[in-house]
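In what follows, a single structure is set out as structure tokens and then discussed.
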Amino acid sequence: MSYFGDIYKGIKTLLTGMSVTGKYFLTSRKGAITQQYPDNRETLKMFERFRGEVVMPHDENNEHRCTGCQKCELACPNGSIEIIWDRQIDPESGKKKKMIDKHIYHLGMCTMCGLCIEACPTDAIVWAQNFENSVYDRSYLTKVLNQPGSKLKAGVEE
Amino acid sequence: MNISLNITKTITELLSGFMPESAANIGAMVTIALIYLAIFAVAGLYLVLLERKVAAWFQLRLGPNRVGPWGLLQTMADALKLVSKELTGTVKADKFLYNLAPYFVIVSSLMALSVFPFTQEFQAFDINIGLFFLIAISSIGVIGILLGGWASNNKFALIGAMRSGVQTISYELSVGLSLLTMVLLTGTLQLSEIIEVQKNGWLIVQGHIPAVIAFMIYMIAGTAETNRAPFDMVEAESELGAGFHTEYSGMKFAYFFLAEFINMFIIAAIATTVFFGGWLSPFGITESIPWLGVFWFIGKTFMLVFLMMWFRWTFPRLRVDQLLTLEWKYLLPLNLLNIVLMALIVWLGFTIQL
């Protein structure tokens with residue numbers, strides 16, 4: 001009697017599906033995920049996983065975690081990242097060491113794929129949650145991620 | 001044939017005061033037609049809005065809320081936009097049929113509205129074969145869809161239209177037979193008398209088990225007949241673009257769109273009349289105020305419309321072979337069995353009379 005069994009199973013699964021969507025319908029007033037953007041511009045907080053742009057966080061001593069290894073530059077599929085670096089004498093140890101001069105990020109070319117952030121061994125670059133990236137001149141889209149005068153945080157390279 | 005025009009009577013009397021009788025009759029009919037057109041054009045627009053709102057709530061969104069309070073004027077604005085748009089068409093289209101198709105669809109769906117008893121006095125056309133008329137009219141719409149698909153000279157539109165033909169012809173059978181099951185109980189096809197019978201309890205209560213089965217079959221087949229999801233292979237976006245109305249724009253597109261929603265209202269209104277007692281209030285709580293019947297009728301209809309929207313936003317689309325399997329291997333045999341069961345119950349007097 002699989003004929004009537006099929007009918008029973010069919011009706012049961014359909015009702016299960018309807019109960020799931022019905023629950024969503026009843027809770028939709030509280031849990032709507034829609035952001036009414038220009039109205040809540042002040043209070044809008046983007047979710048953790050949102051990919052706004054690549055930034056390099058600096059701590060209060062103006063120190064970042066970028067060692068200049070260039071893995072992000074290699075990982076980038078369309079060349080949005082350029083790193084200008086040179087070997088300088090480290091004032092603490094007195095040895096010659098690779099240091100970044102400028103970490104240049106072309107936001108206008110970036111496809112937000114996130115490969116640079118996955119490739120970074122020291123977590124020097126992360127996603128920012130901002131989304132108002134429009135500017136009147138495309139040259140503003142070329143950004144230098146490390147702040148002027150910043151230096152590598154001690155202990156990152158070990 | 002015993003045709004009475006209930007609500008036209010007062011208007012006829014009003015008009016015959018300053019007109020000859022024949023002119024007054026025609027004038028009254030035209031007035032009623034215009035009133036119905038105005039009411040249901042607006043009702044169709046608000047059904048579109050309701051669909052969009054309900055869809056949004058099912059998907060944890062807010063839905064249209066910018067035009068007017070709570071977005072109430074959104075579909076009005078959409079209609080205004082569609083009226084002002086250019087009517088484009090394909091070069092090799094069959095111009096006459098191409099232009100005829102949307103009117104076929106919208107006229108056939110508006111015609112069906114005339115026979116519904118919204119309340120005891122508010123019924124334009126109380127025909128003695130009302131239910132038969134409804135089934136006949138609701139299957140004329142598919143000719144418009146076939147014409148539109150054929151005349152657009154577009155292979156996707158043609159495939160969509162042929163699918164619609166397959167679907168409507170198959171499911172027409174289930175709609176007819178499930179309504180016939182209820183006719184066994186009522187013994188009449190006239191809609192006002194069907195409601196009169198239900199004063200001893202709604203038919204879904206009177207007919208208990210076979211009535212519930214008939215209602216389920218009717219809702220499935222009715223959803224399929226209006227070409228709505230999960231039976232919307234006619235306009236399966238991923239395969240066919242927009243299906244039969246791919247080549248239509250502006251107001252002609254709007255006619256197809258409006259007709260779909262009015263058809264949904266009609267299917268729900270038939271179910272209300274036949275299964276849920278039409279304008280009768282539950283347990284006769286507002287029997288002393290007859291005009292409240294309109295609200296009961298509309299309320300019940302909108303509950304069923306909501307059920308169809310619930311189907312749409314829950315179930316995935318069927319394949320064509322699954323669609324035909326469902327109809328010919330499951331719904332039709334069950335329906336025939338159900339008719340026999342209902343006949344036995346009516347014959348042996350096992351109906352529940354309140």
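Letters A, B, ... mirror the listed sequences (proteins, then strands); counts begin at 1. Just the heavy atoms: all of them, side chains too, but no hydrogens, waters or symmetry mates, feed the values below.
- A centroid separation of 6.0 Å or more is found between the aromatic rings of B:F58 and A:Y24.
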Evaluation steps, side-chain contact (heavy atoms from CB on, under 4.5 Å), between B:F311 and A:L14:
CA-CA 9 Å; B:F311 290 162; A:L14 289 180; over 6 Å; no
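- Of the possible polar contacts, one joining the B:W310 side chain to the A:M18 backbone as a donor-acceptor pair under 3.5 Å is found.
- When every heavy atom of A:T34 is checked against every heavy atom of B:R61, the shortest pair comes out as OG1-CA, 3.2 Å.
- In this structure, no portion of A:L26 lies under 4.5 Å from any heavy atom of chain B.
- Summarising the local packing, CH2 of B:W70 is surrounded by 12 or fewer heavy atoms from other residues, nucleotides or ligands at distances under 6.0 Å.
- Heavy-atom distances place the backbone of B:W313, and not its side chain, under 4.5 Å from chain A.
- The number of heavy atoms from other shown groups lying within 6.0 Å of NZ (A:K98) is above 12.
- The local environment of CE in A:M109 is crowded, with over 12 non-hydrogen atoms from other residues, nucleotides or ligands closer than 6.0 Å.
- Residue A:E48 qualifies as open at atom CD: its count of foreign heavy atoms under 6.0 Å is 12 or below.
- More than 12 non-hydrogen atoms from other residues, nucleotides or ligands lie less than 6.0 angstrom from CZ of A:F50.
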Please evaluate residues B:L334 and A:F4 with respect to the criterion side-chain contact (heavy atoms from CB on, under 4.5 Å), reporting the C-alpha separation (whole Å), side-chain torsions for both, the decisive distance (0.1 Å), and the verdict.
CA-CA 10 Å; B:L334 284 178; A:F4 289 104; 4.2 Å; yes
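- Surrounding CZ of B:F350 are at most 12 heavy atoms belonging to other residues, nucleotides or ligands under 6.0 Å away.
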side-chain contact (heavy atoms from CB on, under 4.5 Å) evaluation trace for A:I7 with B:Y330
CA-CA 8 Å; A:I7 293 171; B:Y330 290 93; 3.6 Å; yes
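- Within 6.0 Å of CZ on B:R66 lie more than 12 heavy atoms contributed by other residues, nucleotides or ligands.
- Residue B:P333 touches chain A through its side chain alone, counting heavy-atom pairs closer than 4.5 Å.
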